[in-house]
Every structure is written in structure tokens, then in C-alpha cells.
2 protein chains.
Amino acid sequence: MEDQKIRNMEEFSAVSGISRPTVSKYFNDPTSVRRSTRDRIEHALKQYDFRPNLFAINQNRKSTKNIGIVVPHIVDPFFAEIVRLIEQRCIEAGYWAIVLSSHGEAELEANALDLLRSMKLAGAVIAPLGERSDRARMMQFASEIPTVIFDSPLGSGEAFVGTDNFHSIGLIVDYLCRTGEPPCFLEMPAVNENALERKNAYIGAMERQGLTPEVVPVAESDWGFEQIGYEQGLRLLSRWSFPTSTVLCANDRIAIGLLAAAYERGLRIGRGPGSAMRIAGHDDHPLSRFTCPPLTTVAQDHAAIADKSVSALFDMIEDGGPQDRAPVKLEGKLIMRLSA
Amino acid sequence: MEDQKIRNMEEFSAVSGISRPTVSKYFNDPTSVRRSTRDRIEHALKQYDFRPNLFAINQNRKSTKNIGIVVPHIVDPFFAEIVRLIEQRCIEAGYWAIVLSSHGEAELEANALDLLRSMKLAGAVIAPLGERSDRARMMQFASEIPTVIFDSPLGSGEAFVGTDNFHSIGLIVDYLCRTGEPPCFLEMPAVNENALERKNAYIGAMERQGLTPEVVPVAESDWGFEQIGYEQGLRLLSRWSFPTSTVLCANDRIAIGLLAAAYERGLRIGRGPGSAMRIAGHDDHPLSRFTCPPLTTVAQDHAAIADKSVSALFDMIEDGGPQDRAPVKLEGKLIMRLSA
DNA sequence: AAGTAAAATTGGCGCGCGTAAAAAATTAGA
DNA sequence: TCTAATTTTTTACGCGCGCCAATTTTACTT
């Protein structure tokens, strides 16, 4: 490694003995140059370790290689995992992913969109904040830049990838009815479309079986799901006012909170004979197999969501711009553990 | 909102009636222009919603406003939370944060460093992967760009912010000894300096009390901590070979796994009279208050880590480049819950 | 050996904006 | 009202690289 600093591609092309346009060509696609020149460049690269300036690259490219990713909460393991997978797919395809989190705030989401708009993106993958999202703004964004929405749909017409709540909730409702007392439904705050859809899916599934649905409503509207499940649990358990002893939670994080409350009240959870109640969730949160007892839930197929989102996006990019696509609804998988 | 598209600052300056250099000045600092011209610009901004191209900005600026953040695992809630806080501080200070995760792989960490090097960063905040990190490369990086290391130290001499493991482990060892049987120590995989330091801190704290330390070793070397704690727990509990009935885990994620194993074995955990064992952790993981029972642990002060890291970084940036600084070691806080 | 296709070079424009210097305009102070 | 200080405009260069057209070199055919 020489100590001489290479300041730009010009200088690098000088020391490598290859012309600048060819060097540029190499960095865009190493296989696009002849083997011998590629070797010479890579040999020089070992001596001088030069990297093209990212900003200059992206300023000039016709089609940039940047994918924007926006999620409501990067702190939520579900989104963290999906982002990780999407990022991976993008990198494999030679793209660079810019990850932005709304941190639950509509203003930050809007900022994120503005920021991305100023970056000449090749495309974007977005999980909307939900109710509080600036829908019009997001639709506008999606009309300018190839965009795939995931997790929670925006409205209709946009490219969407997500879990089929009617299917997945149906799965677990059926399972719970088959194996014991029919479940009541502890809903999640109405932060997005999923919240509403899962509730409706529950109601539909119960009615299909000729049973009366029992929804336990929540008043909160924030993303502190564990806390909400916990408080709700304590409140209801203190005077046992759950409609039934089987509780289906709208997601695993709610269920984790409820489990904590039940534990605190000394209730035995599970499907065994000596148990006081059954608790089930939805999502297959990374920690749901380590709860006490391990949580019965429906797994969202993280990898599939990431795969389908990215491939849908690449399709759009190749077809040259935004366009309508049929929504992709993935089927969840029942994960039977001990809590229900 | 007019439908006319503004393609660049030139066009925007035309429609706003302000010269381009002044508009440029405005975007760098809105307060740097006269009130009346600021109003005119902002008025035009409402009609045409133009944003300067991010790449062009950063290509030309003398000192860019970009901060790089690199963490071993964005999926780990601890890092996710810290990243969120650091990001927030940066944005408040008018900087933009680029977040990159190594996803546990040394190669990705090296890639991340290379990427950041090509971005003329103002500075970087990095939590190293640990043992597997390319130390030399990272030191090299830190010598070129103002860099603060957090969570796990690299070597010595670098600007570092982290928890004082000797203090925090001391706190909880003392507490556990004071309130019951002295703890054994379920170590974490030796992925970084923290792992070693916490073990040594435990040994030191025990010896200070004239007690013999009992370390339960782990063979694994990956980041799947819950799984490791769980498997280790099952293995040891199946023939009760924990040295004592009080187990201090090197971190909360290990403890969460151990709690799951103990639950599976039907053991009652807690400090109450009818309990079979006590389990404690370290970090105050976001879910540790929702475990069964809630986990006694030592809280790392997330906000303080973020604050100190960012302010140390800004100091370095203002002082013009990398330089040696005394490491900042923060004191943890004992969080007494029910598990120990 | 000549002929042809592929690859590399030369030379040069342009991206969108930062920034500097000098000139012009505006404001504030006396 | 005049001068000085502040702000804005004009003009122009440069950042580092993508990309293009024309030309020259290289590699492969027959």
C-alpha cells in the first residue's frame, strides 16, 4: 500500500495506466472491461485503495443505484429484520440501500420522503406509518418514483406486499376453536390498516364458525405495544373481565405484554389441563419462542416479504417507472408453541 | 402548489426572484439571509416545493454534514435504540446520519467503512463488531475521520464512550450477594471486549468480597444470545449443574434465554421464598421489564451513551480532525425487578 | 496476411450546487 | 441626507464523475 493519496479517478487512472473512462466503466461493472485491463486496475487498487466519490457518482448517473427504505419503527424487531433482508437483496443486486425510520412520527416520515425525493432514487420500499401518514404525499411520491408498499397498505392501486391477514388470522382462529374455547380478540391500537384488517378478519372467522366475536378494544394509539398489552391485561385480569379464557392478540408484542400481566397475576398460561388461560399472537416476533411459555402465533414470512417486495420493485424499475400492480398477499404459517 | 416542475436551484431562483447564490445561502442556513428575502424564498417554497439535490450539495461542501453510524446488529434492540438516539441528536444539530449495520459479519463491517470513507464524512460513531473486526483498518479509519467508538472499546487511545462494566457488574454482584446466595456468572460469547471485561469485573467483584467466582463458560461465538442462554440453561438445568442457584448473565438477552429454559423445566424464578433460583442480567433490554418474572438487571444509560458519543464527536469535528481523548465510562443503574 | 469486431483512448460536455470576488443594491446610523 | 455597514447580485470557477462521439488500439477470424 503506497502512502500517496489518490484524490480522484483522474489520479487513479494515471497511476494505474488506464484511461479514466475505462476506469469509470470498471467501477460500474468490473466484468465490462477486458480481463487484462481489469487485472491491471485491480492490481493498482491494491496499492492505492481508491474509491470513487459516492456523491459524484450519483449526481451524474442517469439511473442511480439507490433504493430508499422507510419503516415506521426501526426499533421494532419485525421491521428491523425485514429491513435487514431487503438491504441484503439490494446489495446483492448492486444497489445501495438508504434506510430511514419515521420513529412513529408523521413529520419524520414526511421528512424522509422529502429527503429521498432529493436523491434521484431508483426506487423505494416503504412501510407506511399508517393512519397518521400523509397519504396524499405518499401517493404523490409513489407516482414519481417506483415504490413498493409493504406491511400495511396505503389505499389501493399501489404495489403492495404483505401478509394476508384474513388468511393468517383465520388460521389461528380455527386452530384455537378446534382445540378449546373460542378466542376473544385483544386488538392493537389503530395505527395502521393491519390493525383494522386483523380485527375484521377475526370477526369474519368467528362468524364463519357461527360464533359470536368478542373484541377487547384499546384506547391508546401509540406503538408501545408491550406496555399496552401489559396494562390492558392487568386491568382486565384484576376483575377477570376477559370474555373468554382464550385471548388472541393482534400481534406478538401485545401478547408479550399480556403474558407479563398474566404472570404477575399468578395465572398459568398454556393449553395444558392446569392452565387458566390461553394466549396467542401474530407475527412470530424473534423473541416469541423465548417467552414463558413460548408463544403460539402466526409467522409472517419475513424473507418472502422482503423477496417479493424487492423483486416487485426491480420489475417496476426495469419496466421504467411507477405503475399499477396486483397486491401480493402472503400466507402466514401457524406456529404452535405452548401458550395456546 | 404549482404543477410546474423545478429541476434545480437555478430554476427555483428564477421563480422565487432571488439569485441562486442567495438561495444556496438560505438552504445552508435560513437565518443567514435577510428576513424579507427569507420570506420570499419560503413563500416560493410553498408553491413549488423544491429541494436541493443531496449529492450535489455534498460533493461541493468543504465540510459535509454527514455522520456515519456503524453497529454490529441493527436487529439488536440495544443498538437500534442507541442508533435512534444518535440519529436524533445528529438531525437536531443539522447533520444527516447514514446508518450501516455489519449484521455480525466482519466483511460487511469493512465494506461499511469503505463506503463511509468515500463520503467525505464529517465524522463517525461506531460500535465495533469486536473480536472479528479488522482492528488495523478501523484504526486507520479513525485516524482519517473524526470517530467515536462506543459500546465496546477497540484498543486504547481512541475516543470511547461506554458503560463502566467494572462499576455496573460490581453493583449487581454486590446486590445479589447482599440479598442471597452469591451469583455464578453465565458468560456471553467472546464477541467483543465487553464480554471479557464483564467476566473479569465479575471475578474481581467476587474476590473483593472474599468469595470464589464461578464462571459458566460458553462455547459459541455468535450473536444469537437468547438461543445460547436457552440451550445452555437446558443443558445445565437438566442435571442441575449450575454452581449456585443465583445466576448473573452477562447480558439480558442471555438471561431471556435462560428464563425460557428455567420456565420449561418448571422452575420458579425470583427472590421470593418459594423460588428455586434467581436470574439477573445486564443492559436493561427493552423487553426485560416484560419477562416472566420481570428481569433484575443493570441499566445502561442509552440516552447518555448517545449524548456523550455525539457531543464528543462534535468536539472533535470542531477541533478539526481526529485526536486522542480520554474514554468516557458511564455508570450503570441497578434495576431491581422480581427475577433476583 | 488482411479483415473485422471488440475494447480502450482522447477530448470534452454537463450534472447541480458550493463558493469566491467584485459590483450593485439595500439598510441603518449619525 | 449622506456615509458606512450589511446584504444581495453578477460572474465565474470548480468539485468528481457519467457519458458520448470519434479515433486508435487490441484481439480474434478466415
Side-chain angles (χ1 to χ4, degrees), chain A residues 5-45 48-66 94-96 114-115 117-122, chain B residues 5-45 48-66 94 96 115 117-122:
Chain A
K5 291 273 175 200
I6 303 295
R7 323 191 117 270
N8 54 39
M9 198 179 279
E10 192 80 49
E11 289 187 18
F12 178 76
S13 86
V15 298
S16 68
I18 305 290
S19 72
R20 192 178 68 73
T22 305
V23 171
S24 169
K25 204 149 171 284
Y26 166 83
F27 278 108
N28 281 319
D29 178 9
T31 66
S32 69
V33 301
R34 201 191 300 142
R35 183 75 230 179
S36 60
T37 65
R38 178 174 172 180
D39 287 342
R40 289 173 67 192
I41 291 177
E42 282 169 356
H43 181 248
L45 223 40
Y48 298 95
D49 96 308
F50 156 77
R51 292 205 32 152
N53 179 295
L54 198 73
F55 299 110
I57 292 175
N58 285 294
Q59 181 174 9
N60 296 307
R61 237 199 270 271
K62 280 284 193 303
S63 80
T64 73
K65 289 286 193 177
N66 303 325
Y95 285 79
W96 182 45
D114 280 350
L115 181 62
R117 291 212 306 145
S118 74
M119 294 182 69
K120 287 200 285 185
L121 290 186
Chain B
K5 291 273 176 202
I6 304 293
R7 322 191 116 269
N8 53 39
M9 197 179 280
E10 193 80 48
E11 288 187 19
F12 178 75
S13 86
V15 297
S16 68
I18 305 289
S19 72
R20 193 178 68 71
T22 306
V23 171
S24 170
K25 204 149 172 280
Y26 166 84
F27 278 109
N28 282 318
D29 178 9
T31 67
S32 69
V33 301
R34 200 192 299 142
R35 184 74 232 178
S36 60
T37 65
R38 179 175 173 180
D39 287 342
R40 288 174 65 192
I41 291 177
E42 283 169 354
H43 178 70
L45 224 40
Y48 298 95
D49 96 310
F50 156 78
R51 292 203 33 149
N53 180 295
L54 198 73
F55 298 110
I57 292 175
N58 285 294
Q59 181 174 12
N60 297 308
R61 239 200 269 268
K62 279 283 193 305
S63 78
T64 72
K65 288 287 193 177
N66 302 325
W96 182 45
L115 180 63
R117 292 212 305 145
S118 74
M119 294 182 71
K120 287 198 285 184
L121 290 187

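Lettering follows sequence order; numbering is per chain, from 1.
- Side-chain N/O atoms of B:Thr22 include one lying less than 4.0 angstrom from OP1 or OP2 on D:dT9.
- Each of B:Arg34 and A:Phe27 was matched to the nucleotide of DNA chain D holding its nearest heavy atom; the match closer to the 5' end belongs to B:Arg34.
- Residues A:Arg51 and B:Leu115 are in side-chain contact: their nearest non-hydrogen atoms beyond the backbone lie under 4.5 Å apart.
- If you find the closest nucleotide of DNA chain C to A:Arg20 and to B:Pro21, the one lying nearer the 5' end belongs to A:Arg20.
- When the P atom of C:dC17 is taken as reference, atom CZ of B:Arg7 falls 12 Å away, rounded to whole Å.
- Taking the six-membered ring for Trp and thresholds of 30 and 60 degrees, B:Phe50 and B:Phe27 have ring planes more than 60 degrees apart, a perpendicular arrangement.
- The separation between B:Asn8 atom CG and C:dC15 atom P is 8 Å, rounded to whole Å.
- Among the heavy atoms of the strands lying under 4.0 Å from A:Ser24 are primed sugar atoms or P, OP1, OP2 only; no base atom is included.
- With rounding to whole Å, A:Ile18 atom CD1 is found 12 Å from D:dT26 atom C1'.
- Between the P atom of C:dC17 and the CD1 atom of A:Ile57 lies a distance of 19 Å, rounded to the nearest Å.
- Spacing between atom NZ of B:Lys25 and atom P of D:dT6 amounts to 12 Å, rounded to whole angstrom units.
- One interatomic measurement links the two molecules: CD of B:Gln59 to C1' of D:dC15, which rounds to 5 Å at whole-angstrom precision.
- A close approach under 4.0 Å does occur between a side-chain nitrogen or oxygen of A:Thr37 and OP1 or OP2 of C:dA8.
- Across all strands, B:Phe12 comes closer than 4.0 Å to no nucleic acid atom at all (heavy-atom distances).
- For a distance-only test at 3.5 Å, the side chain of B:Asn28 fails to qualify as a donor-acceptor partner of the base of C:dG18.
- One N or O on the side chain of B:Lys25 and one on the backbone of B:Ser32 form a donor-acceptor pair closer than 3.5 Å.
- Distance from the side chain of A:Ala56 is smallest for D:dC17 among the nucleotides D:dG18, D:dC17, D:dT9.
- To the nearest angstrom, C1' of D:dC19 lies 16 Å from CG of A:Asp29.
- In this structure, B:Glu10 atom CD and C:dC15 atom P are separated by 11 Å, rounded to whole Å.
- Inter-residue side-chain proximity for B:Leu45 and B:Phe12 is flagged as met; some heavy-atom pair is nearer than 4.5 Å.
- Residue B:Tyr26 is classed as having no contact, given no heavy-atom separation below 4.0 Å to the nucleic acid.
- Side chain of A:Asn60, nearest nucleotide from D:dC17, C:dG18, C:dT26: D:dC17.
- In this structure, B:Ile57 and B:Trp96 have side chains that are not in contact, with every pair of non-hydrogen atoms separated by 4.5 Å or more.
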